[in-house]
Amino acid sequence: MRKLAAGNWKMNGLASQLDEVAALAAAHPDPACDVLICPPATLVDRLARKIVLLDSTILIGGQDCHPKPSGAHTGDISAAMLRDAGATHVIVGHSERRADHAETDAQVRAKAEAAVSQGLVAIVCIGETEAERDAGRTLDVVRGQLAGSVPAGAAPETIVVAYEPVWAIGTGRTPTPAEIAEVHADLRARLVQRFGPGASGIRLLYGGSVKPSNAAEIFALPHVDGALVGGASLKADDFGAIVAALSAA
Ligand code: 13P
């Protein structure tokens, strides 16, 4: 399986931020893993044009999409629009959207279905809060989110699952390697149980305070097939080091 280093820029980046992509492409012209950047929607088209100019293999993704293909939904963006702008992937159900916009598993699943129907790969995010982990409910929570958010017929070409503990996002804190491995092994087992042996090829990303200093240790864990990186994806040097660590894993 080809691994995936995905950068989620969140609500960061004006046009000048694209210089970091040029630096990343120059430093890592032929990585041994897929490299994906999910800029804010305003930059998807410009990033797509830049990637062509750079003759780079970097992939482009959106950070959210509406479940409907078009209609009266002011401010929203459809999967078809992202595709039209040059995206091949889209993140759905990020914990910040689940929290800020009260997105439910059913809505996340509908978004993933819309993405896949438009030919995009949906990166479905799940993860427990700190209170849930402290209560010993981590596996219950992520199993429920996985069952509710991942659409029927999920396959390696259409779905990526990102495990992002909410309390590890942007905090500099991460679960222990054993804790990450426990969740990823459980997610893998659930996916194979539901979708069959082909689901062993569905990429499972870890996200939450991934940085150059911890990337190699995390990427060495079984069933960790890459990372979804926030803050460290904004700087070419940091994201490049993570790409290099994944390429070497
Ligand atoms: P950080 O890497 O900044 O912790 O963010 C992780 C994340 O939320 C990626 O989607």
Side-chain angles (χ1 to χ4, degrees), residues 3-13 17 20-21 24 33-41 43-44 47 58-65 82 87 89-101 103 108 111-112 115 120-130 132-133 138 141-142 145-146 149-150 159-177 179-180 183-184 187 203-219 221 224-246:
K3 298 188 174 169
L4 174 64
N8 174 10
W9 284 3
K10 310 191 178 183
M11 198 173 73
N12 298 291
Q17 174 69 20
E20 295 294 325
V21 180
L24 178 70
C33 61
D34 287 342
V35 178
L36 170 72
I37 293 178
C38 302
L43 289 180
V44 168
L47 178 56
I58 291 172
L59 302 163
I60 302 159
Q63 298 177 7
D64 177 51
C65 67
L82 288 171
H89 293 63
V90 62
I91 298 167
V92 292
H94 192 283
S95 61
E96 288 152 14
R97 292 206 61 88
R98 289 178 186 260
D100 294 354
H101 302 275
E103 290 187 6
V108 173
K111 290 177 177 210
L120 298 177
V121 177
I123 302 176
V124 180
C125 301
I126 59 176
E128 82 286 2
T129 63
E130 184 158 32
E132 289 164 342
R133 178 163 282 274
T138 297
V141 169
V142 297
Q145 291 173 330
L146 190 79
S149 309
V150 173
I159 296 289
V160 173
V161 174
Y163 168 56
E164 299 202 300
V166 177
W167 53 274
I169 294 175
T171 59
R173 297 163 57 209
T174 61
T176 65
E179 287 168 339
I180 296 173
V183 173
H184 278 240
L187 296 176
R203 291 180 287 187
L204 293 176
L205 310 184
Y206 169 77
S209 296
V210 175
K211 40 193 187 241
S213 58
N214 61 18
E217 183 178 41
I218 292 170
F219 296 152
L221 298 170
V224 174
D225 309 313
L228 184 54
V229 184
S233 72
L234 292 167
K235 290 273 167 247
D237 285 353
D238 288 347
F239 197 43
I242 291 167
V243 167
L246 187 59

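Sequential numbering from 1 along the given sequence is applied to the chain's residues. Ligands are counted one by one from 1 in listed order, and the atoms in each one are counted from 1 as well.
Between A245 and A216, the shortest heavy-atom contact is CB-N, 4.2 Å.
Of the listed residues (L36, V121, D34), just one forms a side chain to side chain contact (heavy atoms under 4.5 Å, CB included) with V160, and that residue is V121.
The shortest side-chain heavy-atom distance between I37 and S233 does not fall under the 4.5 Å cut-off. A 4.5 Å side-chain heavy-atom check between V183 and L187 finds at least one atom pair inside the cut-off.
Between atom CD1 of residue I242 and atom NZ of residue K235 there is a gap of 13.5 Å, rounded to the nearest 0.5 Å.
Using a heavy-atom distance under 4.0 Å as the criterion, the protein contacts of ligand 1 are N8, K10, H94, E164, A168, I169, G170, G208, S209, L228, V229, G230, G231.
The aromatic rings of H184 and Y206 lie tilted to each other, with the angle between the two planes from 30° to 60°.
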